[in-house]
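Report on the structure given below.
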Amino acid sequence: MLPAAHPNESVFREIQPDTRIVIEHVVKPWYRLTVTLTPRGDQTHLAWVQEFESPEVAARMRPLSGTANEQVLDRLEALLASGSS
């Protein structure tokens, strides 16, 4: 069985190389994702903040967002560990 299709369109609102990326999901549910990168010695701290259109939407999306965000960060970690870019 194929997963349900969901519209997904995002716009990069800000890119500061090696520092910050802001992405706006422009279809429902609306959200803005801000990723901030901060050097910490020989590592990089990644802060990931999602802002939803309302607290109610945030609460409804939390279970899905939490799982999806973990999957994205796991793939990023694997990519960085492999030395690929």
Side-chain angles (χ1 to χ4, degrees):
M1 177 178 214
L2 293 174
H6 298 283
N8 192 9
E9 184 177 341
S10 297
V11 176
F12 286 87
R13 295 292 184 199
E14 180 181 345
I15 299 175
Q16 295 178 16
D18 303 324
T19 306
R20 180 178 161 100
I21 300 169
V22 179
I23 301 166
E24 183 177 356
H25 192 256
V26 295
V27 295
K28 294 286 184 181
W30 177 91
Y31 65 84
R32 176 171 286 139
L33 169 64
T34 301
V35 177
T36 305
L37 305 168
T38 307
R40 289 199 178 161
D42 63 345
Q43 298 182 341
T44 301
H45 178 262
L46 184 148
W48 180 289
V49 177
Q50 277 183 284
E51 173 191 358
F52 288 90
E53 59 192 273
S54 71
E56 295 78 21
V57 172
R60 191 182 61 205
M61 295 302 299
R62 185 168 284 116
L64 174 64
S65 295
T67 300
N69 292 344
E70 285 181 29
Q71 292 171 356
V72 167
L73 293 171
D74 287 346
R75 287 193 304 266
L76 176 60
E77 181 179 29
L79 179 69
L80 294 172
S82 75
S84 299
S85 54

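L80 is connected to I21 through a chain of hydrophobic side-chain contacts under 4.5 Å among Ile, Leu, Val, Met, Phe, Trp and Tyr, so both are in one cluster. A single hydrophobic cluster is seen to contain both L37 and F12, as judged by linkage of ILVMFWY side chains at heavy-atom distances under 4.5 Å, directly or through other members. Cluster membership check: L76 does not share its hydrophobic cluster with V49, using side-chain heavy-atom separations under 4.5 Å among Ile, Leu, Val, Met, Phe, Trp and Tyr.
Among the candidates L33, I15, T34, the single residue satisfying the side chain to side chain contact (heavy atoms under 4.5 Å, CB included) test with V22 is T34.
Residue D74 places its CG atom among more than 12 non-hydrogen atoms of other residues, nucleotides or ligands, all under 6.0 Å distant.
You'll find the side chain of L73 reaches within 4.5 Å of the side chain of L46, heavy atoms only. At a threshold of 4.5 Å between non-hydrogen side-chain atoms, the residues T44 and T38 do not count as touching.
With sequence neighbours excluded, the residues satisfying side-chain contact (heavy atoms from CB on, under 4.5 Å) with V72 are W48, R75. Listed by chain and residue number, nothing satisfies the side-chain hydrogen bond (donor to acceptor under 3.5 Å, both in side chains) test with E77 (two or more places apart in sequence, or in another chain).
Residues W30 and E53 come closest through the heavy atom pair N-OE2, 3.1 Å. Nearest heavy atom pair, residue R13 against residue V26, reads NH2-CG1, 4.0 Å.
Atom-to-atom distance recorded for S54:OG and R60:CZ is 7.5 Å, nearest 0.5 angstrom. The CD atom of E56 sits 14.0 Å away from the CE atom of M61 when rounded to the nearest 0.5 Å. Taking CD from E24 and CD from E9, the interatomic distance works out to 10.5 Å, rounded to the nearest 0.5 Å.
Between the side chain of S82 and the backbone N or O of L79, at least one donor-acceptor pair lies under 3.5 Å. Under a 3.5 Å cut-off, the side chain of T67 and the backbone N or O of P63 do form a donor-acceptor pair.
Taking the six-membered ring where tryptophan is involved, the planes of F52 and Y31 are tilted, since the angle between them lies from 30° to 60°.
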- Message: For R20 and E14: C-alpha separation, side-chain torsions, deciding distance, then whether side-chain contact (heavy atoms from CB on, under 4.5 Å) applies.
- Response: CA-CA 7 Å; R20 180 178 161 100; E14 180 181 345; 3.1 Å; yes
